[in-house]
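Below is one structure, written out as structure tokens; the observations come after it.
Quick note: numbers below take in every heavy atom, side chains included, and nothing from hydrogens, waters or symmetry partners.
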Amino acid sequence: MKKIVVHIGANKTASTTLQRCLFSQHDGLDYLGHDGQGFERYGDLVTSLTNDDDLYFPRERCVDLFENYRNKNSRKTLLYSDEDIMTSHFPTVCARRLYEFFPEAEILIVVRNQMTAIPSYYANHGVHLRPAPPSHFRRYVSLDDWMNYCQMFISRSPLAGFFYNRILCLYAELFGKDRIHVLFFEEFVKDKRSFVDKLCQIINIDSESAMNLLAEAHERKRRSGREIEYLKFRNKFFWDVPVLKWAPGGDWLAKQIQSFLESGSPAKVQLTDHWKEKITEMYSEDNKKFAQNFSLDLKKYNYPMN
């Protein structure tokens, strides 16, 4: 029987690096997902799978897509990867759809300590306002404002995607607990060889070739501190005014400025004691159950459990 693995995230756990540098490049996989061959043709379908209610979800087109990959005359592992599954606003609906399409699948997730995952998510995504009307799109948002907003509407915010136990228990109930595989982002950073060996065993590919593909890979790096400082500045001065448009060599100058901003050191997002306490309050109980239910040593990487 063809092996099927569904990689569901989580966010800020090197998903883009895995997708661009390993999943889409390794010839031992039939890969379906971001940066995969033909993604421009079916990207709207998988986006709808995670984001849309049944009223708008093109079920039949999605069935055809997955069946085409399932029926490929190949012994390669069929791997579907989409980290946005973890932040779906319809997590139960999304999980049931995946079970409908791939009832025999194994579920893969890479988790990360919420104390580092949340600041990383803010630096790349929360720091600018979106979605928003055009005149407000990408305006700077402070960490305090972003965190307060996410707490107010937590079930609709990215913070919901870090309740690992809550979400994985849903998948364990559907697919079976024995088909849930949990890897640690912290191990990917500190001991890539061990991480890759475990990953390759799950998706059934050669670890040496995978290690070669991932050796120096690092996609979607954290936004630079210069970029965030520039966002703050433009938020107060000349927002939504293309000040370089009318300057001599404006396009060239804009590119030079953007290159300078992006080349700075990664932004340092410091959590205050207040937010450390709030994050601990939010995730401790879920993490305790996560460690117990899936036999994981979360204390090794200091996950909030107090």
*With sequence neighbours left out, what residues match Lys289 under side-chain contact (heavy atoms from CB on, under 4.5 Å)?*
Asn165, Asn293
Could you check whether [Y] and [X], counting side-chain N and O atoms only, form a donor-acceptor pair closer than 3.5 Å?
| X | Y | value |
| --- | --- | --- |
| Ser263 | Arg226 | yes |
| Asn302 | Glu186 | no |
| Arg112 | Thr116 | yes |

Looking at [Y], is its backbone amide N or carbonyl O close enough to the side chain of [X] to form a donor-acceptor pair, meaning the two atoms are under 3.5 Å apart?
| X | Y | value |
| --- | --- | --- |
| Lys2 | Ser74 | yes |
| Tyr303 | Leu298 | no |
| Lys192 | Glu187 | no |

Aromatic contact, [X] with [Y] (centres under 6.0 Å):
| X | Y | result |
| --- | --- | --- |
| Tyr80 | Phe101 | no |
| Tyr283 | Phe163 | yes |
| Phe294 | Phe290 | yes |
| His7 | Phe23 | yes |
| Phe39 | Tyr42 | yes |

*Within a strict 4.5 Å, meaning less than it, do heavy atoms of the His128 and Arg139 side chains meet?*
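The answer is no; the side chains never approach within 4.5 Å.
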*Inspect the contact between Asp30 and Arg70 and indicate whether a charged nitrogen and a carboxylate oxygen are less than 4.0 angstrom apart.*
no
*State whether the number of non-hydrogen atoms from other residues, nucleotides or ligands found under 6.0 Å of Arg193 atom CZ is greater than 12.*
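Result for CZ/Arg193: enclosed.
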*Is there a side-chain hydrogen bond (donor to acceptor under 3.5 Å, both in side chains) between Ser284 and Asn287 once you walk through the steps?*
CA-CA 5 Å; Ser284 283; Asn287 283 344; 6.0 Å; no
